**Student:** 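Following this message is one structure expressed as structure tokens.
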Amino acid sequence: MKRWHEINPGALASLTELLKQSYPALLVYMKESIVFIRGPIDLTNDGKLLDSFTLEIELPKNYPTGVPTVRDIAGRLPRIADRHVHVDGTLCLCVPDEYWRFYTPQSTIIDFIRTLLEPFLMAQIYYEKTGKMPFGERAHGWRGIVQFYSEVLQTTDEKVIFRFLRYLCAPQFKGHWRCHCGSGLRLRNCHYGEVHDMHQKVPFKTARLSLSYAPAELWASA
Amino acid sequence: MEPEEYLKQILKNHSIGDDSPEMKRLQETRKDVESLIREKFADCSPTIRYGGSKVKGTMIIDAYDLDIVSYFPHDDTCAGETLKDIYDNVVNALAEQYYVEPRRSAIRIRSKDSTHEDFHIDVVPGRFTDDTKSDTFLYQLDGEKERLKTNLDVHIAHISGSGLVDVIQLAKLWKVRNSIDLKTFGLELLVIKYATNSKKNHLEIGLVSFWEYLRDNSDNITIEDPANPGGNDLSVLLSDSTKSLLSMFAKNALNLVESGSWESIFGPAEVIEEAEKAVIVERFAPSYSNAPKPWLGRK
């Protein structure tokens, strides 16, 4: 599979130019055909430095459709669950299933930094001072996934959420399937629109990953 | 603000004072480490002193690792027969009180609890080569040779007498801000070798000349140990990818200098007080009301 910058050779130059305007300290470079953005992100208020983070942003093969991955490469953040940082320094900006709310294929790298990354970093500064996340946080693992889908489906019934996720995992879903809501009706006669809408937004591979967090008892009852 | 004035302010912002909490903690831990080594090697008369950026005057708050050297007399084997024995025995002694992380010639110490909190201290064991207690042999975990000849006093004189201490501190900050994987000692030597040493200790001239060399000579960047020129192979400090990154970041820095954007290289000169930070983040809350909620994939 060709990478995004091989398909469109001008895209890399455009990305570099775009970053130069808003984040000139960030360096765009390539290593083994993977494009990385690396350097300091200074958070400021009225021109004064609030804090600074040295990060590495890895752009996926299918950028900009695929979402970049961000790592704290300077060891600035503790690599613990409470800070939403993996042991390898990767930041968990949100439940992957809800990236579409903040990042669309039309989003630029600047949108990504401003919408997803900067609030995360701001929250880290606040946490260091108060021990609290100021803009909310998801529970870890399956619980956080349930929190997200509860908002989408307006239910806290984990079995419903589990069935819904299973439909999202299918590359294609069928209208004659039983509705995830438990009504006994066919999807086409019940919540078809709900599945269709989210199927467009959440890549089925992402849904599969989320489903892998489901506890054994849900799998047993499926 | 003129570049020179700006750079001086940056240096001030990133300096680490003797009465700072970080320095006090370092000094307290140093006392504990020294007591432990003296107790464990009571009959061995170790020479224990500060090394690294603390004595060279190049320490900054963003990278304030402290080296504590622990050198043993050349004609005494009570701390160990071989250099490796000395190294291993110091590791074992420290391991009684700390979580130890063996490095190339040093031993990093962390707290023994599950957090393994970093004390920012490296203990460097070694053995003097003779009675003058000047040249020293260090053990090397990896590298071509198991033994490295060095001289702390020569290093200190080379760095602190270079007239480039302030430029070195800024270069260290630049390295930290870009997370360039190069040992501080290596960077110090690079700055002295490649930066123009203006008699007026001109920061901008020093930095720009340093970056220009890195930008234009990526393949020819080399380091020599002033304590053993030609003897110690420091090329391991400079991998091809490190050279390449140094060169790319130097090019970027020079572009920013040309466009007058020093602040992009080192950040704003004005800094918000620690006590005000939480209040300021709270002010952002309305604009982040729909911000993503961080998560963690844990099964």
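A note on names: the letters A, B, ... follow the listed sequences, proteins ahead of strands, and every chain is numbered from 1. It should be emphasised that the depicted structure is a prediction, and the values quoted were computed from it without experimental measurement.
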**Student:** For B:E2, I'd like to know if atom CD has over 12 heavy atoms of other residues, nucleotides or ligands within 6.0 Å.
**Tutor:** no
**Student:** Between B:I180 and chain A, with a heavy-atom cut-off of 4.5 Å, which part of the residue counts as in contact: side chain, backbone, both or neither?
**Tutor:** backbone
**Student:** I'd like to know whether NZ of A:K61 has more than 12 heavy-atom contacts from other residues, nucleotides or ligands below 6.0 angstrom.
**Tutor:** no
**Student:** Is the closest side-chain heavy-atom distance between B:K293 and A:F148 below 4.5 Å?
**Tutor:** no
**Student:** For A:Q21, is the CD atom crowded, meaning more than 12 foreign heavy atoms sit under 6.0 Å from it?
**Tutor:** yes
**Student:** Measure B:N178 against the heavy atoms of chain A and call it side chain, backbone, both or neither at under 4.5 Å.
**Tutor:** both
**Student:** Under 6.0 Å from the CG atom of B:D181, do we count more than 12 heavy atoms belonging to anything else shown?
**Tutor:** no
**Student:** Is it the case that atom NZ in B:K112 sees more than 12 heavy atoms from other parts of the structure closer than 6.0 Å?
**Tutor:** yes
**Student:** Find the distance between CG (B:L245) and CZ (A:F36) and round it off to the nearest 0.5 Å.
**Tutor:** 10.5 Å
**Student:** Would you mind checking which part of A:A139 comes under 4.5 Å of any heavy atom in chain B, side chain (CB onward), backbone (N, CA, C, O), both or neither?
**Tutor:** backbone
**Student:** Go through the steps for A:L50 and B:K277 under the test side chain to side chain contact (heavy atoms under 4.5 Å, CB included), then give the verdict.
**Tutor:** CA-CA 7 Å; A:L50 185 58; B:K277 285 185 175 179; 3.8 Å; yes
**Student:** Can you tell me if B:W295 uses its side chain to pair, donor with acceptor, with the backbone of A:E137 under 3.5 Å?
**Tutor:** no
**Student:** One pair to check against side chain to side chain contact (heavy atoms under 4.5 Å, CB included): A:K20 and B:N255. What are the steps and the verdict?
**Tutor:** CA-CA 10 Å; A:K20 203 182 277 181; B:N255 289 340; 5.6 Å; no
**Student:** What part of A:E118 lies closer than 4.5 angstrom to a heavy atom of chain B: side chain, backbone, both or neither?
**Tutor:** both
**Student:** Can you pull out the residues in residues 85-96 of chain A with any heavy atom less than 4.5 Å from chain B?
**Tutor:** A:V85, A:H86, A:C92, A:L93, A:C94, A:V95, A:P96
**Student:** Please look at A:S52 and chain B and tell me whether the side chain, the backbone, both or neither of the residue comes under 4.5 angstrom of a heavy atom of that chain.
**Tutor:** side chain
**Student:** Around atom CG of B:N290, are there more than 12 heavy atoms of other residues, nucleotides or ligands at under 6.0 Å?
**Tutor:** no
**Student:** What part of B:D118 gets within 4.5 angstrom of chain A, counting heavy atoms only: side chain, backbone, both, or neither?
**Tutor:** neither
**Student:** Could you pull out the closest heavy-atom pair between A:M133 and B:P294, with the gap in Å?
**Tutor:** SD-CG, 4.5 Å
**Student:** Taking all heavy atoms of B:P292 and all of A:F102, pick out the closest pair and write down the distance.
**Tutor:** CA-CZ, 3.5 Å
**Student:** Which of the residues A:D46, A:I145, A:T130 is involved in the greatest number of heavy-atom pairs with chain B at under 4.5 angstrom?
**Tutor:** A:I145
**Student:** Drop me the distance from B:S179's OG to A:R71's CZ, to the nearest 0.5 angstrom.
**Tutor:** 12.0 Å
**Student:** Does NZ in B:K8 sit with more than 12 non-hydrogen atoms of other residues, nucleotides or ligands closer than 6.0 Å?
**Tutor:** no
**Student:** Counting only heavy atoms closer than 4.5 Å, note whether B:V176 contacts chain A via side chain, backbone, both or neither.
**Tutor:** backbone
**Student:** Using modelled atom types and a 3.5 Å cut-off, is there a donor and acceptor pairing between side-chain atoms of A:N45 and backbone atoms of B:V281?
**Tutor:** no
**Student:** Return the option, out of A:G136, A:S210, A:G39, A:G144, with the maximum number of heavy-atom pairs under 4.5 Å with chain B.
**Tutor:** A:G136
**Student:** What part of A:F135 lies closer than 4.5 angstrom to a heavy atom of chain B: side chain, backbone, both or neither?
**Tutor:** both
**Student:** Would you mind reporting whether B:S264 and A:P24 have side-chain heavy atoms less than 4.5 Å apart?
**Tutor:** yes
**Student:** Sort A:D42 into side chain, backbone, both or neither according to what part of it lies under 4.5 angstrom from a heavy atom of chain B.
**Tutor:** side chain
**Student:** In terms of heavy-atom proximity below 4.5 Å to chain A, should B:E273 be classed as side chain, backbone, both, or neither?
**Tutor:** neither
**Student:** Taking atom NZ of A:K129 and atom CD1 of B:I280, what is their separation to the nearest 0.5 Å?
**Tutor:** 11.5 Å
